Engineer: 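This structure is in structure tokens; I'll ask about it shortly.
Just follow the structure's listing: the first ligand is 1, and inside any ligand the first atom is 1. Small disclaimer: the values here were computed from a predicted structure and weren't measured. If you read the sequence from its start, that first residue is 1, and numbering goes on from there.
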Amino acid sequence: MTKTGLFISFEGIDGAGKSTHIDGLAAAFKAQGRQVTLTREPGGTPLAEKLREMVLHDAMDSLTEALLIFAARRDHLQNVIEPALARGDVVLCDRFTDATFAYQGSGRGFDLYVLEQLESWVQAAPNGLRQPDVTVWFELDPAIAAVRLAGARVPDRFEAQPVTFFQKVSDGYARRAEADAQRFVRLDGAQTREAVWQQLHHNFVQRGWLSALAA
Ligand code: TYD
């Protein structure tokens with residue numbers, strides 16, 4: 001089993017069902033003696049969590065939104081993600097930059113070139129651009145996700161968007177996955193939770209990251 005750090009992000013539209021699987025993977029890695037850093041974006045540090053509150057609840061223009069998200073990402077990378085990877089932890093991150101391209105870029109229609117510039121500054125690393133080793137993408141029809149989310153809680157600025165917005169977000173994820181197919185693991189979120197978990201677990205066993213025994 002490898003002891004170098006692993007950076008895994010989880011993506012999908014709101015309601016696609018990633019949370020329970022992130023918790024399941026954290027438990028599975030810990031059961032094998034790995035140190036796990038469980039974190040999320042926007043957020044993951046005291047400063048980035050403050051920025052998250054603003055991004056999710058305060059009205060702002062698209063450039064401000066993108067700048068705050070990348071500012072939060074910079075703080076998170078420097079203070080949590082990079083140190084954890086240097087220690088050899090498994091970093092499980094609920095959303096990362098693909099979400100910015102999907103939500104701000106594709107969903108809001110914000111300039112992808114500006115996002116690429118911000119990505120290259122914020123994620124600059126000694127050997128290139130810091131990206132997750134693997135991105136698990138829970139793909140789900142936005143109409144099904146909307147039914148799942150209905151009445152679940154008070155919606156934030158993104159959850160309150162119409163299905164048409166999430167269709168664009170979903171298309172944005174598809175484009176990112178196409179552009180970097182090696183990094184993405186696509187799971188069909190319309191399956192039962194158990195079936196999604198089995199597929200995810202099996203994928204990580206095949207990579208040599210989890211043992212086949214405890215599913
Ligand atoms: P989410 O990850 O769904 O957390 P929770 O389950 O607690 O609601 O919420 C984060 C929201 O932020 C989600 O609607 C997507 C949005 N978001 C962006 O718009 N851009 C980004 O770059 C990131 C990381 C998230």
Side-chain angles (χ1 to χ4, degrees), residues 7-26 38-45 47-77 80-81 91-112 114-123 129-132 135-140 142 144-146 148-173 175-177 180 184 189 193:
F7 182 17
I8 305 166
S9 65
F10 300 84
E11 299 285 358
I13 59 171
D14 291 87
K18 55 190 163 54
S19 306
T20 53
H21 299 300
I22 298 174
D23 292 342
L25 282 181
L38 193 57
T39 190
R40 68 171 182 182
E41 290 217 346
T45 68
L47 173 61
E49 289 290 333
K50 286 188 210 166
L51 295 173
R52 176 189 177 95
E53 276 305 302
M54 298 175 197
V55 169
L56 294 192
H57 302 293
D58 297 350
M60 62 187 73
D61 89 296
S62 301
L63 176 58
T64 308
E65 186 175 293
L67 290 170
L68 291 185
I69 287 170
F70 271 107
R73 182 159 300 136
R74 177 71 179 174
D75 195 57
H76 189 211
L77 273 166
V80 173
I81 296 176
V91 177
L92 303 178
C93 192
D94 187 346
R95 301 190 185 282
F96 195 63
T97 304
D98 299 305
T100 316
F101 280 85
Y103 280 77
Q104 281 63 50
S106 194
R108 295 236 194 269
F110 185 69
D111 191 335
L112 296 179
V114 174
L115 295 184
E116 279 165 17
Q117 294 300 305
L118 292 170
E119 179 184 39
S120 70
W121 294 339
V122 167
Q123 289 158 239
L129 200 64
R130 171 62 79 190
Q131 290 290 16
T135 296
V136 180
W137 172 34
F138 298 86
E139 192 183 18
L140 184 65
I144 301 175
R148 285 189 188 171
L149 278 183
R153 58 186 169 187
V154 180
D156 61 37
R157 284 175 70 230
F158 298 101
E159 290 162 346
Q161 294 288 327
V163 172
T164 48
F165 174 82
F166 288 105
Q167 189 56 60
K168 287 189 246 171
V169 173
S170 199
D171 294 344
Y173 277 127
R175 276 194 293 275
R176 287 286 280 185
D180 200 355
F184 275 79
R193 187 175 288 179

Engineer: Tell me whether Glu41 has any N or O atom under 3.5 angstrom from an N or O of ligand 1.
Structural biologist: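 Between Glu41 and ligand 1 (N or O atoms, distance only) the closest approach is not under 3.5 Å.
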
Engineer: For Pro42 and Arg52, work out which heavy atoms get closest and say how close.
Structural biologist: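 Minimum heavy-atom separation between Pro42 and Arg52: O-NH1, 2.9 Å.
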
Engineer: Is there a donor in the side chain of Arg176 and an acceptor in the side chain of Thr135, or the other way round, less than 3.5 Å apart?
Structural biologist: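 There is no such pair between these side chains.
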
Engineer: Please identify which atoms of ligand 1 are closer than 4.0 Å to at least one heavy atom of Glu159.
Structural biologist: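 Near Glu159, the atoms of ligand 1 are 8 (O).
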
Engineer: Verify side-chain contact (heavy atoms from CB on, under 4.5 Å) between Trp137 and Asp98, making sure each step is shown before the conclusion.
Structural biologist: CA-CA 10 Å; Trp137 172 34; Asp98 299 305; over 6 Å; no

Engineer: Return the closest protein heavy atom for atom 23 (C) of ligand 1 as residue, atom name and distance.
Structural biologist: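 Here the nearest protein heavy atom works out to Ala99 CB, 3.6 Å.
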
Engineer: Using heavy-atom distances, let me know which of Asp156, Asp14, Thr100 sits nearest atom 13 (C) of ligand 1.
Structural biologist: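 It is Asp14 whose heavy atom sits nearest to atom 13 (C) of ligand 1.
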
Engineer: Which atoms of ligand 1 are found less than 4.0 Å from any heavy atom of Arg73?
Structural biologist: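 That gives atoms 22 (O), 24 (C) of ligand 1.
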
Engineer: Does ligand 1 have an atom under 4.0 Å from some heavy atom of Leu56?
Structural biologist: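 Yes.
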
Engineer: Between Thr39 and Asp94, does the side-chain contact (heavy atoms from CB on, under 4.5 Å) criterion hold? Intermediate values first, please.
Structural biologist: CA-CA 6 Å; Thr39 190; Asp94 187 346; over 6 Å; no

Engineer: Counting each atom of ligand 1 from 1 as listed, which ones have a heavy atom of Arg52 under 4.0 Å away?
Structural biologist: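 Going through ligand 1 atom by atom, the ones under 4.0 Å from Arg52 are 4 (O), 5 (P), 7 (O), 9 (O), 10 (C).
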
Engineer: I'd like to know if Glu65 contacts ligand 1, where contact means a heavy-atom distance under 4.0 Å to any ligand atom.
Structural biologist: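 No, that is not the case, since the closest heavy atom of the residue is not under 4.0 Å from the ligand.
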
Engineer: State whether the number of non-hydrogen atoms from other residues, nucleotides or ligands found under 6.0 Å of Arg148 atom CZ is greater than 12.
Structural biologist: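 Yes, the 6.0 Å shell around CZ holds more than 12 heavy atoms from other groups.
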
Engineer: Does the side chain of Arg175 pick up a donor-acceptor pair with the side chain of Ser106 at under 3.5 Å?
Structural biologist: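 Judged by distance alone, the side chains do pair up.
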
Engineer: Test of understanding: given a 4.0 Å heavy-atom threshold, classify the contact between Ser19 and ligand 1 as side chain, backbone, both, or neither.
Structural biologist: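 Contact part for Ser19 vs ligand 1: neither.
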
Engineer: Check whether Phe110 forms a cation-pi arrangement with Arg108 (NZ or CZ under 6.0 Å from the six-membered ring centre, at most 45° off the ring normal).
Structural biologist: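 Judged by the rule, Arg108 and Phe110 form no cation-pi pair.
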
Engineer: Write out the residue and atom name of the closest protein heavy atom to atom 1 (P) of ligand 1, then the distance separating them to 0.1 Å.
Structural biologist: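 Going atom by atom, the protein heavy atom closest to atom 1 (P) of ligand 1 ends up being Arg95 NE, 3.5 Å.
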
Engineer: Taking non-hydrogen atoms only, is Arg108 closer than 4.0 angstrom to ligand 1 via side chain, backbone, both or neither?
Structural biologist: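 No part of Arg108 is near ligand 1 at this cut-off.
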
Engineer: Between Glu139 and Tyr173, do the side chains contain an N or O donor and an N or O acceptor separated by less than 3.5 Å?
Structural biologist: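 Distance-only check fails for Glu139 and Tyr173.
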
Engineer: Among all protein heavy atoms, pick the one closest to atom 20 (N) of ligand 1 and tell me residue, atom and distance.
Structural biologist: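 Its nearest protein heavy-atom neighbour is Gln104 OE1, 2.8 Å.
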
Engineer: For Arg157 and ligand 1, answer yes if some heavy atom of the residue is under 4.0 Å from a ligand atom, otherwise no.
Structural biologist: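 Not so, Arg157 does not reach ligand 1.
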
Engineer: Under 4.0 Å from a heavy atom of Phe158: which atoms of ligand 1 are those, numbered in the order shown and with their elements?
Structural biologist: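 Counting atoms of ligand 1 from 1, those under 4.0 Å from Phe158 are 12 (O), 14 (O), 16 (C), 19 (O).
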
Engineer: For ligand 1, which atoms sit closer than 4.0 Å to a heavy atom of Pro42?
Structural biologist: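 Those qualifying, in numeric order: 23 (C), 24 (C), 25 (C).
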
Engineer: Among side-chain atoms of Asp61 and Thr64, is any donor-acceptor pair under 3.5 angstrom?
Structural biologist: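 Distance-only check passes for Asp61 and Thr64.
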
Engineer: Using only heavy-atom distances, determine whether the side chains of Gln123 and Thr97 contain a donor-acceptor pair under 3.5 Å.
Structural biologist: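 Checked: Gln123/Thr97 side chains pair up, N/O donor to acceptor below 3.5 Å.
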
Engineer: Checking contacts here: is it the side chain or the backbone of Lys18 that comes within 4.0 Å of ligand 1, counting heavy atoms only? Could be both or neither.
Structural biologist: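 The part of Lys18 near ligand 1 is the side chain, not the backbone.
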
Engineer: Can you confirm whether the side chains of Asp14 and Tyr103 place a donor and an acceptor under 3.5 Å from each other?
Structural biologist: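 A donor-acceptor contact under 3.5 Å links the two side chains.
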
Engineer: How far is atom 8 (O) of ligand 1 from its nearest protein heavy atom, and which residue and atom is that?
Structural biologist: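 Protein heavy atom with the smallest distance to atom 8 (O) of ligand 1: Arg153 NH2, 3.1 Å.
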
